[in-house]
2 protein chains.
Amino acid sequence: MDTLVKPEPTVPMACRSCRVRHGGMCEVLGPVELARLAACSRRTRHGSGEALAVESDAVHGYANVTRGTVKLSRVLRDGRQQLVGLQFAPDLMGRLFSSESPLSAEAATEVELCRIPRDVLEGLVADSEGLKQRLLEQALQDLDEAREWMVTLGRKSAVERVASVLLLIATRMGGRDAHGNITLDLPIGRADMADFLGLTIETVSRQMSRLRREGVISVQGHRCVVIHDIEALGARSG
Amino acid sequence: MDTLVKPEPTVPMACRSCRVRHGGMCEVLGPVELARLAACSRRTRHGSGEALAVESDAVHGYANVTRGTVKLSRVLRDGRQQLVGLQFAPDLMGRLFSSESPLSAEAATEVELCRIPRDVLEGLVADSEGLKQRLLEQALQDLDEAREWMVTLGRKSAVERVASVLLLIATRMGGRDAHGNITLDLPIGRADMADFLGLTIETVSRQMSRLRREGVISVQGHRCVVIHDIEALGARSG
DNA sequence: GAACGGATTTGATCGAAGTCAAGGACGGGT
DNA sequence: ACCCGTCCTTGACTTCGATCAAATCCGTTC
């Protein structure tokens, strides 16, 4: 908000240059709390496709996403898969207060994490009123988003779903170019879009083509989408 | 847990006989906090179908469900509807920290609420560490459930969805009869089941008939379902 | 920059669920 | 006990998205 950078005497070095220092959960932490975290946290990098957590495995710790995109998914016994969310920086990954992970997490792009051991974060949550409050707000917002997505999965047609996912990604990652168009570098391929939307790859592809034919978007290569008419895309999204 | 009822000197009268006194959020409150609540809360009853909150309306307050079942839903601009959750006693209704309701709530059955004004609950949350913790746990669990339902909506076939909703209701409301069968009084009709499952009324009805033909369940009247083989129902649910 | 391999697009056909249309059962009230 | 309205079930047909099968695109490597 304010343009002046206040001196923060004891903020750990590792946090000072951190891209998410003023976002996500770290936003509400003071120097003392950050020091407690920084003493035990460590940064890791992960290539696209790397598994970061596995459904029903023990929870070893938590991690702030500091760069990249993470896919959250669940699978049915016979292998059918559903993406249940995407996490972008500066979201916190990991299920508090549960000893086993309710879902799988996988790096969708190159990902950088700030890993926090389980007991350290839980201790901090227990001690910091502000952090608990922040995580509660985050959980409630995630819940709203999950329920919104339930409408997409339960009631929207294939085009509407594809338009919805493009809007979702645009909201989190979109940058405007010179002409006011919104440009996206999709963090996920068609297969993941299909798993997120409850469709097949072929149907996603067909609906992308359709939106392209209608002039709402254009596509460069496979991963880059330009949204020409965000209004039209919104209308198309149900 | 324990069979002895401990004397609780200053627990308000209204709470002493309350069905949910030892469940939901009230479980973690001490006499002082309960007194603060009881001083401002009031009980209301609502007939089936009555609107309890409307999407994007101002949030006036919160309410504990003390009896009955509440449907949570969202609608698309053109009227398509999706149920995004069911609330049973002793769940807390209402979206904390938001000035407008992200969804609509409607009594599915006769419902009894313990209504709490907005500022009273928010004040209590600010003051009570334990309550904030409890609500965070609840939000995280609701999030897990919402994501689980996303799998149902995105990846399951019609039979699997119907089996899933029967299991869900059985978990929250089911009673075992003499033969070990589980008996349900469905809190929602076929239309609401359809809206919860992302299907049509006709499809729900056909799949109910199918499960009946297969001997997994039987139906008495429209609302009463007996689950003969919960294992088979689980297998049928994906 | 040519060749390779995985990802994406497109086309043809199939099938599960939706739509439209009766018909039947339940339950509430008289 | 009967009647009536609502909710539910069933049947016939349609449709949207899935499936199967190529063809093509693109990014990468050599």
Side-chain angles (χ1 to χ4, degrees), chain A residues 47-49 71 76 78-82 108-110 152-166 184-214 217-225 236 238, chain B residues 47-49 71 76 78-82 108-110 152-166 184-214 217-225 236 238:
Chain A
S48 164
K71 302 179 297 193
L76 258 21
D78 64 4
R80 281 174 286 175
Q81 181 170 192
Q82 175 71 45
T109 60
E110 282 272 299
T152 298
L153 293 173
R155 289 301 180 203
K156 291 187 187 177
S157 69
V159 219
E160 291 171 336
R161 294 186 201 200
V162 171
S164 298
V165 83
L166 292 177
L184 306 181
D185 235 320
L186 297 180
I188 54 176
R190 302 292 183 271
D192 287 329
M193 287 176 69
D195 280 343
F196 198 21
L197 295 169
L199 298 171
T200 59
I201 295 178
E202 294 94 324
T203 298
V204 171
S205 179
R206 278 187 244 277
Q207 304 309 328
M208 291 281 286
S209 299
R210 180 171 170 181
L211 291 173
R212 186 154 38 76
R213 244 179 290 125
E214 295 175 351
I217 62 172
S218 62
V219 178
Q220 293 164 355
H222 288 140
R223 289 298 183 102
C224 181
V225 172
R236 233 59 192 72
Chain B
S48 163
K71 303 179 296 193
L76 257 22
D78 65 5
R80 279 172 288 174
Q81 184 170 189
Q82 176 69 44
T109 61
E110 283 270 300
T152 300
L153 294 174
R155 289 299 180 205
K156 292 188 187 174
S157 69
V159 220
E160 290 172 335
R161 295 186 201 200
V162 170
S164 298
V165 82
L166 292 177
L184 305 181
D185 235 320
L186 298 178
I188 54 176
R190 301 292 183 273
D192 286 329
M193 288 176 68
D195 281 342
F196 198 21
L197 296 169
L199 298 171
T200 59
I201 296 179
E202 293 94 325
T203 298
V204 171
S205 179
R206 278 187 247 275
Q207 304 308 328
M208 291 282 286
S209 298
R210 180 170 170 182
L211 291 173
R212 185 153 39 76
R213 244 178 289 127
E214 293 175 352
I217 62 172
S218 63
V219 178
Q220 293 165 354
H222 290 139
R223 290 297 184 104
C224 182
V225 172
R236 234 57 192 71

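Every chain is numbered from 1 and lettered A, B, ... according to where its sequence line falls, protein lines coming before strand lines.
- Arg206(B) pairs by the salt bridge (Lys or Arg N to Asp or Glu O under 4.0 Å) definition with nothing, not counting sequence neighbours.
- Counting only residues at least two apart or on different chains, the salt bridge (charged side-chain N to carboxylate O under 4.0 Å, His left out) pairs with a member in residues 185-200 of chain A are Lys71(A)-Asp192(A), Asp195(A)-Arg155(B).
- One can find a donor-acceptor pair under 3.5 Å joining the base of dT19(D) and the side-chain atoms of Arg206(A).
- The shortest distance between side-chain heavy atoms of Arg210(B) and Val162(B) does not fall below 4.5 Å.
- Checked by distance alone, Glu202(B) brings no side-chain donor or acceptor within 3.5 Å of a matching partner on the base of dC8(D).
- For Arg190(A) and dG27(D), the CZ to P distance is 12 Å, given to the nearest whole Å.
- For dT19(D), the OP1/OP2 oxygens have no side-chain nitrogen or oxygen of Thr200(A) closer than 4.0 Å.
- Rounded to whole angstrom, the span from the CZ atom of Arg213(A) across to the P atom of dT10(C) amounts to 7 Å.
- We find that CZ of Arg161(B) is positioned 14 Å from P of dA16(C), with the value rounded to whole Å.
- Position along DNA chain C of the nearest nucleotide to Arg223(B) versus Val204(B) favours Val204(B) as the more 5'-ward residue.
- If you take CD1 of Ile217(B) and P of dC8(D), they are 14 Å apart, rounded to a whole angstrom.
- The side chain of Arg212(A) lies closest to dT9(C), out of dG17(D), dT9(C), dA17(C).
- The OG1 atom of Thr109(A) lies 12.0 Å from the CG atom of Leu186(A); values are rounded to the nearest 0.5 Å.
- The CD atom of Gln220(B) sits 17 Å away from the P atom of dA25(C) (whole-angstrom rounding).
- Two residues, Thr203(B) and Arg155(B), neighbour DNA chain D, and the one matched to the more 5' nucleotide by heavy-atom proximity is Thr203(B).
- For His222(B), the side-chain atoms get nearest to dC26(C) when compared with the rest of dT8(C), dC26(C), dG18(C).
- Distance, Lys156(B) NZ to dA16(C) C1': 18 Å, rounded to whole Å.
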**OP:** Evaluate the criterion side-chain contact (heavy atoms from CB on, under 4.5 Å) for residue pair Leu197(A) and Lys156(A); output intermediate values, then yes/no.
**Re:** CA-CA 10 Å; Leu197(A) 295 169; Lys156(A) 291 187 187 177; over 6 Å; no
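- Contact between the side-chain N/O atoms of Ser209(A) and the OP1/OP2 oxygens of dT9(C) is not found at any separation under 4.0 Å.
- OP1 and OP2 of dT8(C) both lie 4.0 Å or more from every side-chain N or O belonging to Ser205(A).
- Rounded to whole Å, atom C1' of dC20(D) lies 13 Å from atom CD1 of Ile201(A).
- For the pair Leu211(A) CG and dT9(C) C1', the computed distance is 15 Å after rounding to whole Å.
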